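Some notes on the structure that comes next.
Since the structure is predicted, the reported quantities are computational estimates derived from the model, not experimental observations. Numbers here are sequence positions counted from 1.
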Amino acid sequence: MFDNLGGLASQSGTRIIEISPVTGLGTSLFPLADDTESVLFSEERGLVRLSEDNERALVSVSETGQVLEVDLRNGKPIWEYLNQTSLSGFYNRIGETPDVDFVIMETRGADYVARDFVETVLGVTAPIGSVPPKAN
């Protein structure tokens, strides 16, 4: 479960927890209490998607544009993505100069996709990310 404001203040206050259906008590999965490097904060929205084996989770923080994958066995992040985009193309088209080069865009979630789905979309069997999508 994505717990917006129940985590430690030193880790920005947001955490991913597992709630026991028997006791109703929550256990922090990320960030762990002794983790001094991971920071997770979302005042309003976030989403957690578990992998099929329940050993990893994709965590999306909507307002900061952050997506990270967490190893639930050890509570460590595996990778992180920040949804940012350049404004220069837009400003060039309208003949202005931007005050900033990049902006952070919101995310609405992330999900695991089956390899056979990706291979169907790409039209080939190859490592994900190594082949551009086929032309229509």
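Note that CZ of Arg73 is 7.0 Å distant from CG of Asp53, once rounded to the nearest 0.5 Å. Rounded to the nearest 0.5 Å, atoms CG (Leu82) and OG1 (Thr64) are 7.0 Å apart. Remark: Gln66 CD to Ser60 OG distance equals 9.0 Å, nearest 0.5 Å. Note: Arg56 CZ to Leu68 CG = 13.0 Å, rounded to the nearest 0.5 Å. To the nearest 0.5 Å, atoms CD1 (Ile16) and OG1 (Thr27) are separated by 13.5 Å.
For Asn92, the side-chain hydrogen bond (donor to acceptor under 3.5 Å, both in side chains) test picks out no residue, with sequence neighbours left out. Remark: Thr97 engages no residue in a side-chain hydrogen bond (donor to acceptor under 3.5 Å, both in side chains) (not counting sequence neighbours).
Val59 and Tyr112 are not part of a single hydrophobic cluster, where members link through side-chain heavy atoms under 4.5 Å apart. Residues Val22 and Ile19 fall into different hydrophobic clusters, defined by Ile, Leu, Val, Met, Phe, Trp and Tyr side chains chained together at heavy-atom separations under 4.5 Å.
In this structure, Thr107 contributes its side chain and Val61 its backbone to a donor-acceptor pair below 3.5 Å.
Considering every non-hydrogen atom in both Phe30 and Gly75, the closest pair reads CD1-O, 3.1 Å. Contact between Ala110 and Arg49 at its shortest, heavy atoms only, is O-CG, 3.1 Å. Val48 and Ala57 make their closest contact through CG1-CB, 4.0 Å (heavy atoms, listed as atom of the first residue, atom of the second, distance). Across every non-hydrogen atom of Val67 and Trp79, the tightest pair is O-CZ3, 3.9 Å. Minimum interatomic distance between Ser62 and Gly46 (heavy atoms only, all atoms of both residues): OG-N, 4.1 Å. Taking all atoms of both residues into account, the shortest heavy-atom contact from Ile78 to Val70 is CD1-C, 4.1 Å.
Judged as a salt bridge (charged side-chain N to carboxylate O under 4.0 Å, His left out), not a single pair has a partner in residues 74-87 (not counting sequence neighbours).
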**Asked** Stepwise, does the side-chain contact (heavy atoms from CB on, under 4.5 Å) test hold for Leu72 with Glu55?
**Response** CA-CA 5 Å; Leu72 298 176; Glu55 293 181 352; 5.7 Å; no
